[in-house]
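Within every chain, numbering begins at 1; the chains are lettered A, B, ... in the order of the sequence lines, protein sequences first and strands thereafter. Since the model is a prediction, treat every value here as computed from it, not as a measurement.
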2 protein chains.
Amino acid sequence: MPRLVDHSERRRAIIETTWQLIAERGIENASMRDIARACGYAAPGVLAHYFPNKNELLLASYELICERTNERIDAATVGRRGLDALLALCLEIIPAEDLTTVEAKVAVSFWQRAQTDAALRHVGREALSCWHASIMTCLAQAQAEGDGPGTADPDLFADELLNTMMGLHITAMLDPGAMSGSRQRRLIESMLERIAVSCTA
Amino acid sequence: MPRLVDHSERRRAIIETTWQLIAERGIENASMRDIARACGYAAPGVLAHYFPNKNELLLASYELICERTNERIDAATVGRRGLDALLALCLEIIPAEDLTTVEAKVAVSFWQRAQTDAALRHVGREALSCWHASIMTCLAQAQAEGDGPGTADPDLFADELLNTMMGLHITAMLDPGAMSGSRQRRLIESMLERIAVSCTA
């Protein structure tokens, strides 16, 4: 009887090893051979069976991170709505904790390569679009339930929040002292407080 | 009589060629040999005389971009103060124009490598710190001259603005259609309008 190999399980194990290498030394300092070795494969050929090149591997790594982030968002927002749900969503995206800090490193590596790879850009765009839609849903709930409204232009606010969260991936990496986890949370909270307290100027 | 070579002029020419290659194909797809060839050097040895490795070259490229951005900011803010000067400053940083879009590509490449290189992070941190200080100066002028105050916590507003601008480097690259130059300007303008119109809620 032939040995059954769980293809998707192996892919996932490779991706998790890749995350570790990216976090430790950066994607450009990890060759496919290094990654194969860290996965316990004697030759890079086995790895190539799953991922033909680094961009494919980075794409799959980024997709899995988005998927897991969205799973965590779903879990964190159960029974919550409006601005309360929106805060929970943001806290799963910003690099204020150890886990999200590793995810941010993968994201920055991914973005660098996305600059010259349309397929990667497409996936990055989908992730932004998905989060933008979730933010809009939370804002609509907040408005319907009288949390807010606080913002005359929810779409613009969603863009501001999304750009701030992406920016935190950069600033917290460059200056973790100034942009600590608590500072990041304070920044997001202040943006939500601003629309929670109606400004009628 | 020996031929005089302007060292700093050569360095600058190499950096400008590097910008072009980064913008066209990405730093990871340009070897030191490719860069040497594009600079008109027959062998990479000459290039190595100026920049021993890619990180040094990328560091110098990023530093020159920051320097030029700051020169443009100085020129654009002559005779302007407060929120008017702040808008001019932001427009030199966000990737809403062709020039700043190329600069943003170099920045994203730089950030990716800064993740695993403390010297690069240090330079990136200095740039953020310089811009943060300039933003604070504009906010203090705005407050002193009654433009605002509009924000009870200028430091937090400066962080929000800075993170939004860094985030735009990512979102405009991933989704240039949605995050067009005019949309980017609208986003920044709305943030400044918010503190120009005093909110006393």
Side-chain angles (χ1 to χ4, degrees), chain A residues 22-29 54 104-105 107-117 120-129 132 150 153 156-157 159-179 183-184 186-187 190-191 194 197-201, chain B residues 22-29 54 104-105 107-117 120-129 132 150 153 156-157 159-179 183-184 186-187 190-191 194 197-201:
Chain A
I22 289 176
E24 284 165 19
R25 61 168 95 163
I27 188 73
E28 81 283 6
N29 297 320
K54 260 197 203 179
K105 287 188 181 183
V108 174
S109 298
F110 177 87
W111 292 334
Q112 138 69 4
R113 282 169 177 257
Q115 295 194 104
T116 51
D117 186 311
L120 299 189
R121 279 200 299 282
H122 175 77
V123 174
R125 197 156 58 236
E126 291 293 305
L128 288 179
S129 167
H132 191 280
D153 191 335
L156 201 64
F157 182 81
D159 275 351
E160 195 183 325
L161 194 57
L162 208 47
N163 276 292
T164 301
M165 292 197 288
M166 297 304 107
L168 286 173
H169 284 59
I170 306 303
T171 60
M173 177 272 292
L174 291 175
D175 199 350
M179 204 48 72
R183 180 66 175 172
Q184 292 184 53
R186 177 79 197 91
L187 193 57
S190 78
M191 292 178 73
R194 170 157 51 85
V197 181
S198 179
C199 170
T200 51
Chain B
I22 289 176
E24 284 165 19
R25 60 169 95 163
I27 187 72
E28 80 283 6
N29 297 321
K54 260 197 204 179
K105 286 188 183 184
V108 174
S109 297
F110 176 87
W111 292 334
Q112 139 69 4
R113 281 169 178 257
Q115 295 195 104
T116 51
D117 186 311
L120 299 189
R121 279 200 300 280
H122 176 75
V123 173
R125 196 155 59 233
E126 291 293 304
L128 288 179
S129 167
H132 190 279
D153 191 337
L156 201 64
F157 182 80
D159 275 350
E160 195 182 324
L161 194 56
L162 207 47
N163 276 292
T164 300
M165 292 196 289
M166 297 305 107
L168 286 172
H169 284 60
I170 305 302
T171 59
M173 176 272 291
L174 292 175
D175 198 351
M179 204 48 70
R183 181 66 175 172
Q184 292 183 54
R186 178 80 198 91
L187 193 57
S190 77
M191 291 178 74
R194 170 156 52 83
V197 180
S198 180
C199 170
T200 52

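When each of His122(B), Arg25(B), Gln115(B) is checked for heavy-atom pairs under 4.5 Å with chain A, Gln115(B) comes out on top. Chain A forms more heavy-atom pairs under 4.5 Å with one residue of Glu24(B), Arg183(B), Arg186(B) than with any other, namely Arg183(B). Ranked by heavy-atom pairs under 4.5 Å with chain A, the list Ser109(B), Gly124(B), Ser129(B), Gly26(B) is led by Ser109(B). Comparing Ile27(A), Asn29(A), Val108(A), Val123(A) by how many heavy-atom pairs each has under 4.5 Å with chain B, the most go to Val108(A).
Only the side chain of Met179(B) comes within contact range of chain A, with heavy atoms under 4.5 Å apart. Interface remark: Leu128(B) contributes side-chain atoms only to the contact with chain A (heavy atom separation under 4.5 Å). Only the side chain of Ile170(A) comes within less than 4.5 Å of a heavy atom of chain B; its backbone N, CA, C and O stay farther away.
Annotation: side chain of Lys105(B) is not in contact with side chain of Met173(B) (no heavy-atom distance under 4.5 Å). Put simply, the side chain of Gln184(A) does not reach to within 4.5 Å of the side chain of Leu187(A), judged on heavy atoms. Within the 4.5 Å cutoff, the side chain of Arg194(A) has heavy atoms near those of the Phe157(A) side chain. With contacts defined as side-chain heavy-atom distances shorter than 4.5 Å, the pair Thr116(B)/Glu28(A) qualifies.
Of the possible donor and acceptor atoms, one in the side chain of Asn163(A) sits under 3.5 Å from a partner among the backbone N and O of Asp159(A). Not one N or O on the side chain of Asp117(A) forms a donor-acceptor pair closer than 3.5 Å with the backbone of Arg113(A).
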